[in-house]
Amino acid sequence: MSVWGTRNGLNLDNLEVTTDDEIDQFLNDARKGRGPLDPGPLYNMTANSLWLYTRPDFAKLHRRMVAGWQTHRLDPIITAASFSNLHAYINQGWEIGIENCTRGLQMRGVTRAQLMETIMHAQLSAGIRGLECCYRALGIVLGDYVERPGPAVFPEGWAPDMQAFYCGLDPTTRELTPADKRAIDEWYAKTIGEVQRWVTVLARVDPISLKGHRARWEGGFRGALPTQMMPYLSSYHHTIVGNREGLREAVLLGKAWGMTNAYIVNTIVLAAYYFTGLERLDMLDEDIVTALV
């Protein structure tokens, strides 16, 4: 009886035997996945070759995980994880991954403006090192970026809404005015129901940096990506680095901006699965878990 079936040429029901034909079909599908003339790195072939030729049973167990996620019926542009993995690779400085994810996003209809908003979001945590990695990985790609005629398809209800970002900072002064502090606090209270401790602390010890950071946070997106991509990318990042409070803030923002529980859970689980191990989920506080089940 078939439970898992055959996927990408691999018979997932048989862990004990993997034929050369199975491996050949998987690697051939990977080679042709983005078109025969795609010059990008195909680590879907090289990395997968390692376990396909040495531990194909474990490779099949991984494909079972992927097959299980597909039963959630979430939109492929999110479950493919090219946006979130691009963000992670920028933070980790892995240039092959940066280019590979960019090629995958380009294939799905992601525009140059949408790609750059993702890179700017990653720069908030990756710093100048992240930009240098993007320069080396994508310098030529960005200059010759070809946009597909069909736009990228995002989950239902996901759309740009720049007004949701703005709290009303006073642009005429670099100082954090009392009105600025009140605007930031009110934005947090209204949007996610609480003011984050880091905001309160930074307002006391370095208010100019709080205002500067808030302006950058509001300015990273320019209306190309759906607003929900901000908490989506943040949730993925904070899961990987183990920032409990950062993840909590991202989850609350995601819920406030219309991310369903299914997408939030999928984001956290994929980040842990691919980068830390699912034991990372130990850091989820009970309030978040209760809200997501």
Side-chain angles (χ1 to χ4, degrees), residues 83-84 86-87 90-91 110-135 138-139 142-143 145 147 151-152 154 157-238 241 243 245-259:
F83 273 114
S84 51
L86 171 63
H87 191 284
I90 293 172
N91 276 275
V110 170
T111 66
R112 186 177 183 272
Q114 290 172 331
L115 177 69
M116 291 310 303
E117 288 185 1
T118 305
I119 293 174
M120 293 304 101
H121 187 298
Q123 200 278 333
L124 291 173
S125 49
I128 201 69
R129 172 181 58 88
L131 287 183
E132 175 66 18
C133 290
C134 288
Y135 172 81
L138 303 177
L142 292 176
Y145 197 88
E147 298 186 358
F154 290 92
W158 289 32
D161 177 13
M162 288 308 303
Q163 290 306 311
F165 286 84
Y166 303 140
C167 70
L169 294 177
D170 180 359
T172 66
T173 175
R174 71 178 66 181
E175 287 77 19
L176 182 77
T177 67
D180 287 332
K181 176 60 167 61
R182 185 166 56 253
I184 294 173
D185 287 350
E186 289 176 353
W187 182 92
Y188 270 99
K190 178 181 177 181
T191 305
I192 68 173
E194 61 188 42
V195 179
Q196 301 304 95
R197 184 174 184 275
W198 71 267
V199 173
T200 302
V201 169
L202 197 56
R204 292 178 59 188
V205 302
D206 191 354
I208 287 179
S209 290
L210 174 59
K211 184 169 182 176
H213 170 76
R214 178 70 196 197
R216 286 213 313 148
W217 187 88
E218 292 181 359
F221 281 21
R222 299 290 298 275
L225 283 174
T227 302
Q228 293 78 8
M229 291 295 291
M230 174 62 81
Y232 164 69
L233 293 172
S234 296
S235 296
Y236 206 82
H237 172 71
H238 290 304
V241 301
N243 184 347
E245 293 306 314
L247 178 59
R248 176 183 172 80
E249 180 177 336
V251 168
L252 291 175
L253 184 58
K255 290 181 71 69
W257 282 355
M259 287 184 70

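Start at 1 with the first residue, then count along the sequence.
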Listed partners of Asp206 passing side-chain hydrogen bond (donor to acceptor under 3.5 Å, both in side chains), at least two apart: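 In terms of side-chain hydrogen bond (donor to acceptor under 3.5 Å, both in side chains), with neighbours along the sequence ignored, Asp206 is linked to Ser209.
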Beyond-backbone contact of [X] with [Y], side-chain heavy atoms, under 4.5 angstrom:
| X | Y | result |
| --- | --- | --- |
| Gln123 | Arg216 | yes |
| Leu247 | Ser235 | yes |
| Trp257 | Asp161 | no |

Donor-acceptor under 3.5 Å (Gln114 side chain, Ala224 main chain): yes
Side chain Trp187, main chain Ala164, donor-acceptor under 3.5 Å: yes
At their closest point, which heavy atom of [X] faces which heavy atom of [Y], and how far apart are they?
| X | Y | answer |
| --- | --- | --- |
| Ser234 | His121 | OG-NE2, 3.1 Å |
| Leu210 | Val199 | CD2-O, 3.7 Å |
| Glu218 | Cys167 | OE2-N, 3.1 Å |
| Pro160 | Thr227 | C-OG1, 3.5 Å |
| Glu249 | Trp198 | OE1-NE1, 3.0 Å |
| Ala250 | Pro231 | O-CB, 3.4 Å |

Intermediate values then yes/no, side chain to side chain contact (heavy atoms under 4.5 Å, CB included), Ile90 and Thr118: CA-CA 10 Å; Ile90 293 172; Thr118 305; 5.8 Å; no
Any pair counted as salt bridge (Lys or Arg N to Asp or Glu O under 4.0 Å), so long as it reaches residues 162-181, sequence neighbours left out: Asp180-Lys211, Lys181-Asp185
Working for side chain to side chain contact (heavy atoms under 4.5 Å, CB included), residues Ile184 and Val195: CA-CA 9 Å; Ile184 294 173; Val195 179; over 6 Å; no
Step-by-step side chain to side chain contact (heavy atoms under 4.5 Å, CB included) determination, Glu194 to Leu252: CA-CA 9 Å; Glu194 61 188 42; Leu252 291 175; 3.7 Å; yes
Mind checking the [atom1]-[atom2] spacing from [X] to [Y]? Nearest 0.5 Å is all I need.
| X | Y | atom1 | atom2 | value |
| --- | --- | --- | --- | --- |
| Trp217 | Arg214 | CH2 | CZ | 5.0 Å |
| Leu233 | Gln228 | CG | CD | 11.5 Å |
| Tyr236 | Leu86 | OH | CG | 11.0 Å |
| Trp158 | Leu225 | CH2 | CG | 10.0 Å |
| Thr191 | Glu186 | OG1 | CD | 11.0 Å |
| Arg222 | Met120 | CZ | CE | 11.5 Å |

Donor-acceptor side-chain pairing of Asn91 and Ser125 below 3.5 angstrom: yes
Any side-chain donor near an acceptor of the partner, Gln196 and Arg248, under 3.5 Å: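 Per modelled atom types, Gln196 and Arg248 side chains form no pair under 3.5 Å.
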Worked check of ring pair (Phe, Tyr, Trp, His ring centres under 6.0 Å) between Tyr232 and Phe83: CA-CA 9 Å; Tyr232 164 69; Phe83 273 114; 7.3 Å; no
Atom CZ of Arg129 with >12 non-hydrogen neighbours under 6.0 angstrom: yes
CA sep, side-chain torsions, deciding dist, call: Met230, Phe165, side chain to side chain contact (heavy atoms under 4.5 Å, CB included): CA-CA 10 Å; Met230 174 62 81; Phe165 286 84; 3.6 Å; yes
